[in-house]
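Notes follow the structure.
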Amino acid sequence: MNDKIKLARRIAWAAGAFSLIVAVLLIANFLQTKLNDPIDNKTIPELVKRLSENPSDEALKQEIRAFDLMARKAYFTSQWQIRTGGYLLLLGVIITLLAVRYERSAKSKLDAVDILKDESALDKVLAQKWIAALGVFIFLAAIVSGILSYNAIDRYLVVENAPAVSEAGTTASSGENALDNMDQPSSGQLAAGDTVTANVVTETPSSSSLAEAVAENAATKTFATMAEMKANYPFFRGPEGIGIAYQKNIPTDWNGTSGENILWKVKVPKPGYSSPIIWGNKLFVTGADASARVVYCYDKNTGKLIWEASADQIEGSPPSKMPKVTADTGLAAPTMATDGYSVFAIFATGDVLALDMNGKRTWAKNLGVPDNHYGHASSLVVYKDKLLIQYDTNKGGKVMALSTASGDKIWETVRGSKISWASPALVNTGTRTELVLATNPTVASYDPETGKELWSMNCLSGEVGPSVAYSNGMFYAANEYAKLAAIKPGSAPSIVWSEDEYLPEVASPLAVNSLVFVATTYGVLACYDAQTGEKYWEQEWGDPFYASPVYADGNVYLADQSGKMHIVKASKTFELVAEPTIGEKVVCSPAFGDGRLYLRGTNQLYCIGTK
Amino acid sequence: MSDKTERKGMERRRFIKRGMQATLAVSLGGVAVASFMKSYAGEMVWQIDPFKCVQCGRCADECVMMPSAVKCVHAYALCGYCDLCGGYLKPNANERSTAAENQLCPTAAIKRKFIEDPYFEYEIDEELCIGCAKCVAGCTSFGNGSLHLQIRHDRCKNCNECAIARVCPADAITRVPANQPYLIKGDFTAAGDKAKKDTSRMSDNN
Amino acid sequence: MNRKLVNVFLVLLAVAIIAIILFDFLRNKAGDRSENRFEYNIDELRHVDSTLIIYRQVGQFPVNAEKLSGIAVSGDEIVVIADHLVLKYDKTGSEKFRGQINFDPTALAPDSNGELWVASRDQVFLFDAQGNLLKRSNSFGDHAVITSLAVSGERIYVADAGNRIVYQCDKQGNIVARIGEKNPGKGVSGFVIPSPYFDIAIDDSGFLWAANTGRHTFDNFNADGSLRTSWGKTSIKIDGFSGCCNPAHFCILSDNSFVTSEKGLIRIKLYDQHGQFKGVVAPPDQFGKQDTEAPDVAVDSDERIWALDFVKKQVRIFEKK
Amino acid sequence: MKNKFLKYSLLIAGWFGSIHGLFAQAQQRFPKPEFESGYSQPQTTTPFPRALWLEYFDVFVLLAVLSLVSWFALKKRSRKGVFWSSVFSVLYFGFYREGCICSVGSIQNVTLALFDPTYAIPLSALLFFLIPLVFTLFFGRTFCAGACPLGAIQDLVALRPIELSRWVQKVFGLVPYLYLGLAVLYSATKSDFIICRYDPFVGFFRLDAQFIMLVLGVLFLAAGIFVARPYCRFFCPYGVLLGWMSRFSAKHLTITPKECVQCKLCAHSCPFGAIDEPVAEPAHRRKSVKHLMLVVALLPVWAILGGWAGSMVHVPLSRLNPTVSLAELIVKHPEVKEDQNNIDVRTFMSSGKTTDQLVAEASEIQRRFYRGSWLVGGFLGLAIGFSLTNLSIFRKRDDFEPNKANCLSCARCLDFCPVKK
């Protein structure tokens, strides 16, 4: 009997040791295959890469094949080892178990449990205490971890659906603004005869207390005068959106590669084709990609980024699926607008964002994602307390005015128009201010106060990108595949002359000094007589013009896509002033400050001026 | 007296016991009936919808089986039998041969066999296939999409909850009735056809 | 065995079990594993050296339809077939004509006087400029899958991918000759068409070219159906044709250059009539990363290339730089 | 004829589809090459899953084993019989059926069937859930004794069982309640089947598993040498249900066939601590009644506390759900939307769903988690409360008796009992 027990014990020990060894080997093998998984083999891809550089290297091919074969062999061997080892281990464990069991049952007839000796009544009390303690502990731990955990999803929903919170802040801040504005020498002394200014004087309600200002924040909002607008560069193509800048001493000589006359340059973090705008010491541009739509505010003197603000968490905004836009339009094509109190930006997502000059959001809304196969590109303008937005999409066109203070819709006019990418012009035609829009097929004018259509003229076709020009009582509209038309506005508008030799596709025409300039995508700048349409000159450079020509300080500034700025005298004879370059691609139109020119390349934003 | 209380206690206990028995039996019956209303006499198995699959590679790593029970299958009826096979050759393969440096499959599980000029047959060696879907990606973008992943039921353990389904980014793995255990391309189509199939499956249940 | 030791051992085991379960429970989640070590990566091939790109896009316009299927240039008009529609555009992209047809169009070819041949899966139809049906052919059979049409003088060529053959028909739709059937005597090895992409075109001299997609070649036939010449190159590299069945579409310029369009890795390229690679019209990175479908291409009298982008639902216009 | 028409209309519908799916459909029916070398196209093989009748055969085997074990335990009073039944179960349900199908995991299928309108539970799974419970209601936990492969494999390694302190047993005895609650919560919210995920022995049965699962199994078996059946006693969620049934079972295994001689041998033989010793009348009856009343009065407090605690922790709990965790990732780090390497995000982005939709979905799931974790917490609170109540009840007991809830009917004690017929 004893011998049998001994034998069983020996077998148990032997089988146990065997199992242990097999187990250790198995684990080692497992780790080894894990480390040297042939699928993660680094050598073969390396060799294949070398082969692709030298495609006919037979020796290398042989080497790869040999290596590959070896790796596979090793892998299958270890697979076999693991499988066999698994069976061996199982066998060993079974033998050990049987042996131990036999030994134990042989030793004593019955295998009893190793018993504790303790008082059962005491045990019960202890058990109760422990259970209660454990229960309380678990629940407390749950409560604490619940409190500590952050519910991003709930927060997202709350922020999305509760504009009330942000509105409260807005009211207060715009109230302050309103009060601040009272102190500003806003209207009286400035440019008499300017109707915009005159309107300001009559329409600004005076408010005396903060309480009142807060109560009627929209009504008390003051707005910039035309003179202020002209002193700055608030919109795409200047304060009227027609390509006329009023700044002086504009540089004509620089070089982006050598750095000559480049006062500063910065890389705008996100791409965009919106042109810069300027107010006071601040310069604004937008940038966007699928992850975020952002407004950047730079110090116009130093190029320092003062603040940036994202157009995020806007109700109705497409959070993940960006509208399909083409690469040459992007999500941030429209240029911003400012009235000196707020800046406004719109993106191809249909998000409109209003920020105060410190980057704090005043309001934001989504106009509905525009159905636009390139991407929404029409820029913004501000008229008094209204932000004017042209919203021509594939689903039909409309133009609307939003309150600059609250974003509420003041008026909206549905246009019988097709989609367009042109930006609005806001022109005082002598008796009134008109908002003029170009699209397929019309050039139409609206009263910016009410949105009523003042006049319209069918003269365009195709996909209209260029905005209108204005000079001396006449509007000029043009588009590729259509024509260049000089329109006499009024209740019965008429086309005074038209021309179709040189037509722009993207760049807007410019009218100044009784001349009309047209810049084409095939690299020609043509100059016509504004009254008769007689062509004075044409000049071909070859690089396409996407940026619009802007008139400043006696010259026309026109950047081509290579980054070269063609500075031409605005005169009947072609007179090239200079052709400096920034050395990178340009599709944005320049912005002007006194003595300065600001230009956004595809990569960097440049400030040009004499040092 | 003690006898009496004891008997009373006994009776009470028996009453409680009977009552609890009844309660348990009734609730068990309730669960049974409620589940039975939604039961399905057949068996359900896991399968991949090839039209949802995004070739993320997780089938190779996440299956409880090693190597995975997910294999690439070849719908011969859809194959173009091309010489230049996007599922077999590396995108920038050195030449159109079976040499190791040209094969896309990390385990060389695809066999290429010449049939007649210019046709080649491709066959999956399921012993080697690990279900990584690399060839599926190649075939889908360059070829006819005849290579696709399926769960092979001779290997699948039909786990209660498929370990791959849990991490599948596209929710491509679903339960299908065991009498139609495959969603092989060609027999099975996306979109409109599938809707039809689904409704028929629903009516099978009733 | 020592009771205390056993207790310690058990506590350790309990801790290990709980740790393993918690660790796995918290770590092993769907979103936590993002890398794919089996990634099929062709990003490198999507990039093309910019010096090779000899065309640039000069315009585009949207096609207002669901499912586009082909494009052709007819005189000054751009004709697009889609859904159950024939759409005509002027060169500025303005829609001039929108006609309903009662079949799914698969291919089209303009004829003189603004007449238009349109194919369904197994039939060919002739419409006048106003969209009135003038003629229709008999069915080309159950196996027929017509993918392309071409007109040369009094003959119309019908490419049938299902039967892997090009029919030469008269204008009544009667089959005059069968081109491309395997015939070693004529030097014709037969078309290899692995998927429904089989395009044909007529060159300047009136000869028929067919894209033998399974072999990545262009085959050129005499009027009698014998093989005149053939060229092609298989390669994923820019100068060859990639994938299992390319070029999916092509058209021929007036100087007999070929504009080819490939699926899979989408690219539009230019070859001379002898197959010499001349340059790239549109490289892969001008198309979406997940897109795989080759645009149909057509050329106008100004040598501008009109490409029908099926994914963006656009006509994209390319012009020589 | 009609069929033919249908086929072709489909064929036409698919041509030149600009959408990829449609496109693929088009390719599906394209005629293959006509080979001249006499090549015949191979069939795509489709090895079928296990035949259906075999599934029902499993049900039959389960019924047979259960009947047999019950007979051995209650009627034949044979430990040997029970033991060999359990060996058979390990071999059949374990190694042959590879631990799947199993009654323990079927809890989740039943839950899913009750909560997910699209899920149809296979009848065999439902039967595997019900049959052991019904048997237990009549005969006690004979399922555990001889039919459950998970229990049996642990039984085999129980070489040197030691008795654990009562309080340790009681405290760890709460874990199955928590596990059951979580398992039901996660399967009701369609998030996960955690019982199957952490089944420690299925890897042995298959001789194939992921490394971490094997390690878990080894740890359980190692513990099982000293603590008999650690998984059954301190983890198994099905054991909770079986315990309820067994507590009020109509018949149950009895230790002695006749008069107990109070030899204590049976208590020493039971590795599960499931034999209650004789208890005399408590000394301070009044005090203990008072205590009992207090404990009973606290029951609702425990339930509410538990429910509240559960509801507090619903957010962390819900993170296991893939939809919730994806939504959270995207909301917290919107920049991942651009990450082409994050497959989950990339797949979501190309699915056409918006973040708003995803978040709304996730929020709905969270709401279900909120309700669910109220119930789970309350359930755990009640379990604690009842456990305390049980410990406060002093019931006079004259003999050594199996604790009906905990006794696994393994019949070990029968071998030890000196009283034979």
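First the proteins, then the strands, lettered A, B, ... as listed; each starts at 1. Side chains included, hydrogens not; waters and symmetry mates left out as well; all remaining heavy atoms used.
- The aromatic rings of C:F221 and C:F191 lie perpendicular to each other, with more than 60° between the two planes, well past the 30° mark.
- Options B:G86, B:C135, B:G87, B:G138 differ in how many heavy-atom pairs under 4.5 Å they form with chain C, and the most are formed by B:G138.
- Heavy atoms closer than 4.5 Å to chain B are found in both the backbone and the side chain of C:S242.
- Neither the backbone nor the side chain of C:E262 has a heavy atom closer than 4.5 Å to any heavy atom of chain B.
- Among the candidates B:C132, B:C79, B:G80, the residue making the largest number of heavy-atom pairs closer than 4.5 Å to chain C is B:C132.
- Of the listed residues (B:D117, B:V136, B:N92), the greatest number of heavy-atom pairs within a distance under 4.5 Å of chain C belongs to B:D117.
- Note: C:Y40 and B:F142 have perpendicular aromatic rings, judged against thresholds of 30 and 60 degrees for the angle between ring planes.
- Ring-plane geometry between C:F250 and C:F258 is classed as parallel, the angle between the planes falling under 30 degrees on a 0 to 90 degree scale with a further cut at 60.
- Counting heavy-atom pairs closer than 4.5 Å to chain C, the top-ranked of the candidates B:L104, B:I130, B:D83, B:L89 is B:L104.
- Between C:F218 and C:F241, the ring planes lie perpendicular to each other; the angle is over 60°, past the 30° to 60° tilted range.
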(message) One pair to check against salt bridge (charged side-chain N to carboxylate O under 4.0 Å, His left out): B:K111 and B:E121. What are the steps and the verdict?
(response) CA-CA 8 Å; B:K111 302 277 169 270; B:E121 183 199 279; over 6 Å; no
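- For chain C, the option among B:G57, B:C82, B:P91, B:P106 with the highest count of heavy-atom pairs below 4.5 Å is B:P91.
- Side-chain atoms of C:S261 and C:H249 form no donor-acceptor pair, as typed in the model, at a separation below 3.5 Å.
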